[in-house]
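First the proteins, then the strands, lettered A, B, ... as listed; each starts at 1.
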Amino acid sequence: MDQTWNAPPDPQRFDPLVWEIARQIPAGKVFTYGQIAALIPPSPGVPAEEFGAHRARWAGSAMSRCPDDVPWQRVVNSQGKISFSNPKMQNRQRELLKAEGIEFDARERIDLAHYGWRGPGDDWLQAHGLLPPEQKFQQGSLL
DNA sequence: CGTTTGACTACGC
DNA sequence: CGCGTAGCCAAAC
């Protein structure tokens with residue numbers, strides 16, 4: 001539970017981008033915190049290395065504050081597991097995902113190879129000022 | 001005002 | 001494959 005650095009230096013820019021990307025995730029698919037964050041350009045003044053080291057957690061932080069129209073249940077961690085520590089919330093997310101046709105294995109894990117979303121199209125990314133195709137997912141090594 | 005508590009991930013055992 | 005650790009902030013109690 002050592003959370004370290006919870007929020008980006010520019011949540012006003014970062015958070016809305018996280019939410020907008022999450023809104024693109026289709027029902028029946030899931031995306032990870034790290035994958036969302038990997039599409040966002042580094043915050044001004046933050047070294048790429050440092051940004052990469054914390055962005056996934058920052059994405060989680062942004063999701064904790066997301067507007068009602070964001071399908072928050074479709075965002076899981078890099079292991080394909082639900083990231084809530086609160087059991088009540090874990091159940092809520094699991095039920096919502098099951099209702100969308102997503103299956104969990106015996107260890108409460110989702111098979112990302114099968115249910116993982118491939119991400120927004122390059123055209124969409126470009127239109128939203130996000131990372132160009134050649135940099136997509138390549139910043140750091142996070143998922 | 002000190003403590004507790006987090007929607008993460010990679011990596012080493 | 002499961003479990004612990006680093007990272008070392010900040011808002012809510």
Side-chain angles (χ1 to χ4, degrees), chain A residues 1-122 124-125 128-143:
Chain A
M1 309 261 123
D2 198 343
Q3 295 299 311
T4 314
W5 202 328
N6 284 321
D10 57 345
Q12 203 169 313
R13 174 196 73 109
F14 191 90
D15 292 9
L17 287 175
V18 169
W19 303 332
E20 194 53 38
I21 292 169
R23 280 192 269 259
Q24 308 309 308
I25 307 170
K29 292 290 182 182
V30 295
F31 212 40
T32 71
Y33 298 98
Q35 285 178 311
I36 288 178
L39 299 176
I40 301 174
S43 301
V46 178
E49 183 180 60
E50 187 179 327
F51 182 77
H54 301 283
R55 63 190 181 181
R57 190 192 300 290
W58 291 345
S61 174
M63 287 305 288
S64 73
R65 286 174 257 111
C66 76
D68 294 335
D69 67 321
V70 175
W72 56 270
Q73 73 274 21
R74 296 175 194 153
V75 185
V76 298
N77 65 32
S78 65
Q79 303 172 70
K81 294 169 65 176
I82 285 172
S83 272
F84 278 107
S85 54
N86 181 325
K88 193 172 181 180
M89 288 312 253
Q90 286 175 21
N91 291 331
R92 178 124 84 106
Q93 184 169 12
R94 181 171 49 247
E95 292 312 308
L96 284 171
L97 290 177
K98 282 184 178 176
E100 295 186 350
I102 289 175
E103 298 172 359
F104 289 76
D105 67 14
R107 294 168 205 152
E108 292 292 289
R109 215 175 33 182
I110 296 168
D111 178 9
L112 293 181
H114 186 67
Y115 294 107
W117 183 42
R118 289 192 166 189
D122 293 336
W124 187 90
L125 288 174
H128 291 262
L130 298 177
L131 291 180
E134 60 271 18
Q135 284 179 49
K136 180 170 71 171
F137 297 137
Q138 290 179 18
Q139 230 185 103
S141 55
L142 303 181
L143 251 191

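Among the heavy atoms of the strands, none lies under 4.0 Å from A/Trp58.
Put simply, NE2 on A/His54 is 14 Å from P on B/dC8, counting in whole angstrom units. A straight line from CG of A/Asn86 to C1' of B/dT5 spans 12 Å, rounded to a whole angstrom. We find that CZ of A/Arg57 is positioned 12 Å from P of B/dA10, with the value rounded to whole Å. In this entry the distance linking CD1 of A/Ile36 with C1' of B/dT9 reads 14 Å, nearest Å. Computed from coordinates, the A/Glu49 CD to B/dA10 P distance equals 15 Å when rounded to whole Å. Per the geometry, CD belonging to A/Gln79 stands 13 Å off P belonging to B/dC11, to the nearest Å. Distance, A/Phe14 CZ to C/dC9 P: 18 Å, rounded to whole Å. What separates CE of A/Met63 from P of B/dT9 is a distance of 12 Å, to the nearest Å.
Each salt bridge (charged side-chain N to carboxylate O under 4.0 Å, His left out) pair with one or both residues in residues 72-92 of chain A, not counting sequence neighbours, appears once here: A/Arg74-A/Glu100. Applying the salt bridge (charged side-chain N to carboxylate O under 4.0 Å, His left out) test to residues at least two apart or on different chains, none of the pairs has a partner in residues 29-53 of chain A.
Residues A/Arg57 and A/Ser61 bring no donor and acceptor atom of their side chains to less than 3.5 Å of each other.
In this view, A/Trp19 satisfies the ring pair (Phe, Tyr, Trp, His ring centres under 6.0 Å) rule with no residue, not counting sequence neighbours. Legend: residues meeting salt bridge (charged side-chain N to carboxylate O under 4.0 Å, His left out) with A/Asp111, ordered by chain and number and at least two apart, are absent. Here A/His128 pairs with A/Trp124 under the side-chain hydrogen bond (donor to acceptor under 3.5 Å, both in side chains) rule; sequence neighbours left out. Judged as a salt bridge (charged side-chain N to carboxylate O under 4.0 Å, His left out), and not counting sequence neighbours, A/Asp68 has no contacts. For A/Glu20, the salt bridge (charged side-chain N to carboxylate O under 4.0 Å, His left out) partners two or more places apart in sequence, or in a different chain, are A/Arg23.
Contact check, A/Ser78 against B/dC8: no side-chain N or O comes under 4.0 Å of OP1 or OP2. At the phosphate of B/dT5, neither OP1 nor OP2 sits under 4.0 Å from any side-chain N or O atom of A/Ser85.
Side-chain contact between A/Phe104 and A/Ile82 is present, with at least one heavy-atom pair separated by less than 4.5 Å.
Here, B/dT4 and C/dC8 have their C1' atoms 15 Å apart, quoted to the whole Å. Taking the C1' atoms as reference points, B/dC1 lies 14 Å from C/dA11, given to the whole Å.
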Protein N or O to nucleotides 1-4 of chain C N or O, pairs below 3.5 Å:
from	atom 1	to	atom 2	distance (Å)
C/dG2	OP1	A/Arg107	NE	3.0

Atom pairs, protein N/O to nucleotides 10-13 of chain C N/O, distance under 3.5 Å:
none

